[in-house]
Amino acid sequence: MIVGSVCMSHSPIMDRNRAAPEAEKRFWGAIDKASDYVAEADPDLVVIFHPDHVNGFFYKLLPSFCIGIEGDSVGDFGTVAGKLDIPAGRAWSCAEHTLKEGVDVAVSYRMDVDHGGVQPIELLSAKVPLTRMIPIFVNCALAPRPTMARVRALGEAVGRWAASCPERVLIVGSGGLSHDPPIASLDTATPEVRQRLIDGGPLPHSARTARQNNVMGEGPRFAAGQSKLLALDADWDKMLLDGFAAGDLSTLDSSDDQRISQTGGRGGHEVRCWIAALAALGQGYKSDVLFYEPIPEWLTGMGIMTATPA
């Protein structure tokens with residue numbers, strides 16, 4: 001059975017770049033409330049819809065959706081590295097059910113999950129452990145991305161599986177809201193970066209350090225108005241949150257990917273994970289927006305929402 005859902009923004013640099021003290025206080029207060037909600041729900045299993053930041057999925061083979069049967073945390077940006085506690089039989093059951101419902105998901109016995117999937121699990125595990133998990137990758141970073149209609153279909157199919165489970169299942173959606181991280185594109189990539197986007201593989205320590213330092217350095221520049229990244233769009237974020245709170249998951253159906261990139265930024269595509277998670281709850285869910293603020297030091301419109309099925 002589904003016992004609830006948490007949708008939340010993630011930011012890889014929140015541990016290193018300090019935001020305004022009052023904003024941090026409000027954010028961590030909301031995390032505490034979300035952790036209380038999770039503890040009260042008392043889940044046995046977490047299904048997390050998450051993006052990837054070109055750490056685990058590449059153009060060598062790029063599925064729209066992939067369910068991890070076995071996998072590891074990459075350990076980027078301070079998240080804990082190592083083998084994830086994925087119940088392989090239950091993950092396989094989820095994949096079989098989703099395929100039978102007409103949604104073509106890939107499966108992986110070697111899924112690499114970066115901070116986009118691991119950070120929310122760590123943040124929400126303050127009061128009960130959430131490490132027994134099924135990670136479901138949704139392609140948000142690299143074109144071509146799945147349509148919002150297919151994302152809803154994925155969430156609905158997974159939700160029907162979860163509702164029939166003997167476990168108490170918590171659904172988590174990780175991503176967004178508006179943010180514009182420096183994600184490379186094939187169209188503008190150097191030959192070296194292009195090869196990385198296609199072939200992938202683990203980054204050497206020196207390359208990962210340089211990559212993370214580049215992202216962390218953007219925080220102070222962005223907060224000072226000295227960054228070339230797209231500004232956070234609180235109006236866009238609030239439009240989405242208002243729609244989601246009202247049960248409307250079709251808000252972006254008329255927006256193509258270019259328009260999303262121009263308003264919500266390159267990272268705004270991650271809102272697909274919220275849509276999948278909320279679609280899993282079915283019609284009539286009840287929601288509560290615990291927090292929303294654009295936090296430039298973290299490069300992200302930070303939002304946290306809980307939702308309970310009808």
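Using a 4.5 Å heavy-atom threshold, the side chains of Arg90 and Pro166 count as touching. Within the 4.5 Å cutoff, no side-chain heavy atoms of Met133 are placed close to those of Leu45. Counting heavy atoms from C-beta outward, His115 and Val74 have side chains that stay 4.5 Å or more apart. Two residues are said to be in side-chain contact when any heavy atoms from C-beta on lie closer than 4.5 Å; Leu142 and Val54 meet this criterion. Between Leu278 and Leu281, the closest side-chain pair of non-hydrogen atoms falls below 4.5 Å. Side-chain contact between Lys127 and Asp32: present, with at least one pair of heavy atoms (C-beta onward) separated by less than 4.5 Å. Counting heavy atoms from C-beta on, the side chains of Val47 and Val172 never come closer than 4.5 Å. Using a 4.5 Å heavy-atom cutoff, the side chains of Tyr37 and Val3 are not in contact.
A 6.0 Å sphere centred on NZ of Lys100 holds no more than 12 heavy atoms belonging to other residues, nucleotides or ligands. Environment of CD in Gln195: sparse, with no more than 12 heavy atoms of neighbouring residues, nucleotides or ligands closer than 6.0 Å. Within a 6.0 Å radius of CH2 in Trp92, other residues, nucleotides and ligands contribute 12 heavy atoms or fewer. Within 6.0 Å of CZ on Arg160 lie more than 12 heavy atoms contributed by other residues, nucleotides or ligands. By the neighbour-count criterion of 12 heavy atoms within 6.0 Å, atom CD of Glu40 is sparsely surrounded, having that number or fewer from other residues, nucleotides or ligands. No more than 12 heavy atoms of other residues, nucleotides or ligands sit less than 6.0 Å from atom CZ of Arg16.
Remark: Asp44 does not engage Arg168 in a salt bridge, criterion side-chain N to carboxylate O under 4.0 Å. Taking a cutoff of 4.0 Å between a charged side-chain nitrogen and a carboxylate oxygen, Asp257 and Arg145 qualify as a salt bridge. Between Arg18 and Glu24 a salt bridge is recorded (basic side-chain N to carboxylate O distance below 4.0 Å).
Separation of atoms CG (Asn55) and CG (Asp114) is listed at 4.5 Å; rounding is to 0.5 Å. The structure places CZ of Phe27 at 15.5 Å from CD of Glu22, a figure rounded to the nearest 0.5 Å. Residue Gln119 holds its CD atom at 10.0 Å from CG of Leu124, rounded to the nearest 0.5 Å. Rounding to the nearest 0.5 Å places CD1 of Ile134 at 10.5 Å from CG of Asp85. For the atom pair His97 NE2 and Ile67 CD1, the distance stands at 10.0 Å (nearest 0.5 Å).
Close placement of the Phe137 and Phe57 rings is indicated, their centers lying within 6.0 Å of each other. The ring of His179 has its center no closer than 6.0 angstrom to the ring center of His269.
By the criterion of side-chain heavy atoms lying less than 4.5 angstrom apart, applied directly or through intervening Ile, Leu, Val, Met, Phe, Trp or Tyr residues, Leu177 is grouped together with Met239 in one hydrophobic cluster.
For the residue pair Trp161 / Ser93, a side-chain donor-acceptor distance below 3.5 Å is found, with atom types taken as modelled. Defined by atom type and a distance below 3.5 Å, a donor-acceptor pair is missing between the side-chain atoms of Ser174 and His50. The closest side-chain donor-acceptor pair between Asp237 and Ser178 falls under 3.5 angstrom. Residues Ser5 and Tyr285 bring no donor and acceptor atom of their side chains to less than 3.5 Å of each other.
The side chain to side chain contact (heavy atoms under 4.5 Å, CB included) test with Phe291 is passed by exactly one of Met8, Lys33, Met302: Met302. Each of Leu84, Val113, Ile121 was compared with Ser73 under the side chain to side chain contact (heavy atoms under 4.5 Å, CB included) criterion, and only Leu84 meets it.
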